[in-house]
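Step one of this worksheet: look at the structure below.
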2 protein chains.
Amino acid sequence: MTEKRRDIHNSEMPALCQACEARHHGMCGSLTPDELTQLNKIASRKEVSAGTALVADSEAVTHYSNILSGVVKLTKILSDGRQQIVGLQFAPDFLGRPFKTSSETNAESATTVRLCSFPRSAVDRMIEDSPSLEHRLLQQTLNELDEARGWMVTLGRKTAAEKVASFLYLIATHINPESDAVDGVSFELPLTRADIADFLGLTIETVSRQMTKLRKDGVVEIENNRHVTVPDLERLAHRASI
Amino acid sequence: MTEKRRDIHNSEMPALCQACEARHHGMCGSLTPDELTQLNKIASRKEVSAGTALVADSEAVTHYSNILSGVVKLTKILSDGRQQIVGLQFAPDFLGRPFKTSSETNAESATTVRLCSFPRSAVDRMIEDSPSLEHRLLQQTLNELDEARGWMVTLGRKTAAEKVASFLYLIATHINPESDAVDGVSFELPLTRADIADFLGLTIETVSRQMTKLRKDGVVEIENNRHVTVPDLERLAHRASI
DNA sequence: CGCTTCGTTGAAACACGTCAATAAGCGTGG
DNA sequence: CCACGCTTATTGACGTGTTTCAACGAAGCG
């Protein structure tokens, strides 16, 4: 894979992709300049506001997308309305479920999200022709599987306090892809209390109480409900039993 | 993929693989007879009893395996000993985590398990050479991801009663790969009450109480603690909120 | 036959959910 | 600019589902 990348001359790459690749390391990294140029012709970039349905339940999936910025939540609902967020996706994740036209999973923007979208058929064809693209896809899928299984421990075996700490830790370590700061991490929560509750399998009241407790214990600082500062990531991780 | 299969003449296939492929539809189906013959030379078949560690936490993974029969549980533990089963694997699933030598996930046989194992390096090489094998691997991984996310709803949003019903439904529909029987499904539970509790994020006492309730309500019949009969799968599914 | 493991059942404790009231943030319009 | 409604979040009192603790029964095994 690394060798493959090496012979990509930036000058041959579409300008839009250059800017994108410079910041992230998404799937397009495994495409040749030719493929990239080709894909770029049929790609469409768009920006959607928070709360937009990107993949509606059981609706035919017509597009795949790369997330350029923002956070997307993947949700499932039971027939009586109970909802569970089964995954969060950050830039530069690939959004879509190859080899299956319908999905039982909904995708919705949690924040303002910028996307680079492609018609499904074109990408499916490209996957067939490009083993390295499929390889990249397999790696992302394996990572998502690891993350999903890790979260299952949180859902099944952690207390409410540990769940909320786990969530904050997850965001603190994922929201800013490049930052490796150990101290003084600060960010805007991409999710409302209701979303956090759906992610953790709790009620909004319990989430609120545990957030208050973390704040009173000095583990986090919270301003305007959404802006969070974590003075000591290790301390937060400890609260999350990580 | 289907076309690829069509030109495999059974006469060219190693005898051991023939018997295996006849019953299941595992990964080896995407290999050519040549590759199969080659792989068969380095494959070792073995049978392990229930409770055998197959992949120990953070230990280097030296082998991949196909599950020929039995059930394997994938577990994760927190530092204080709390345990969560994050997946069950049935024949003919592939066991192992490609592209990563260490895993945070343990694999342990839940029942007697028959395996067909291969040295890691040989399979890794084969994956590089055979796009169709990688394709098959991607598909299993996507399926496992779907299953994991489906189970997250069970863990996060279902009551104890629904969780136990969901578990019984999962087993009833997975334990016997070929059976499509709607009525009178009968099977041996592959997991102890402790395992079931670890899978559902409950205690063994709660599992026991809910099993008793399902039995008293006539949703399932239970003999000798392990043998379960489900007279009406739809009724069980309803209890599971599926 | 005793020993251990596995499963069931009951009573009490508690973590989290439910219900309800209040406050804070935010856009809209008079 | 303030009034108004709406959504989002906090906090309290109370109820309940699940856990905890404990005792007991059943099954497997030397």
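Convention: sequence-line order gives letters A, B, ...; per-chain numbering from 1.
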Distance in angstrom units between A/Arg82 CZ and D/dG17 C1', rounded: 14 Å
Pair B/Asp198 + B/Lys73: basic N to acidic O under 4.0 Å: no
Between A/Lys158 and A/Ser166: side-chain donor-acceptor atoms closer than 3.5 Å: yes
Side chains of A/Thr105 and A/Lys76, donor plus acceptor under 3.5 Å: yes
Side-chain donor/acceptor of B/Ser109 to backbone N/O of B/Ser49, under 3.5 Å: yes
Any residue of residues 204-228 of chain A with a heavy atom less than 4.0 Å from an atom of DNA chain C: A/Glu205, A/Thr206, A/Arg209
Separation of C/dT5 C1' from B/Asp195 CG (nearest whole Å): 13 Å
Rounded interatomic separation in angstrom, taking CG from B/Leu202 and P from D/dT20: 11 Å
For B/Ser186, all residues meeting side-chain hydrogen bond (donor to acceptor under 3.5 Å, both in side chains), sequence neighbours excluded: B/His227, B/Thr229
Gap between atoms NZ and P, on A/Lys163 and C/dG17 respectively (whole Å): 7 Å
Separation of C/dA24 P from A/Arg193 CZ (nearest whole Å): 15 Å
Nucleotide C/dC16, atom P - distance to CD1 of A/Ile196 in whole Å: 16 Å
Among C/dC16, D/dT10, D/dT18, the nucleotide that comes nearest once only the side chain of B/Thr159 is considered: D/dT18
Whole-Å distance separating the CG atom of B/Asp198 from the C1' atom of C/dC6: 14 Å
A/Asp80 atom CG, neighbour heavy-atom count above 12 within 6.0 Å: yes
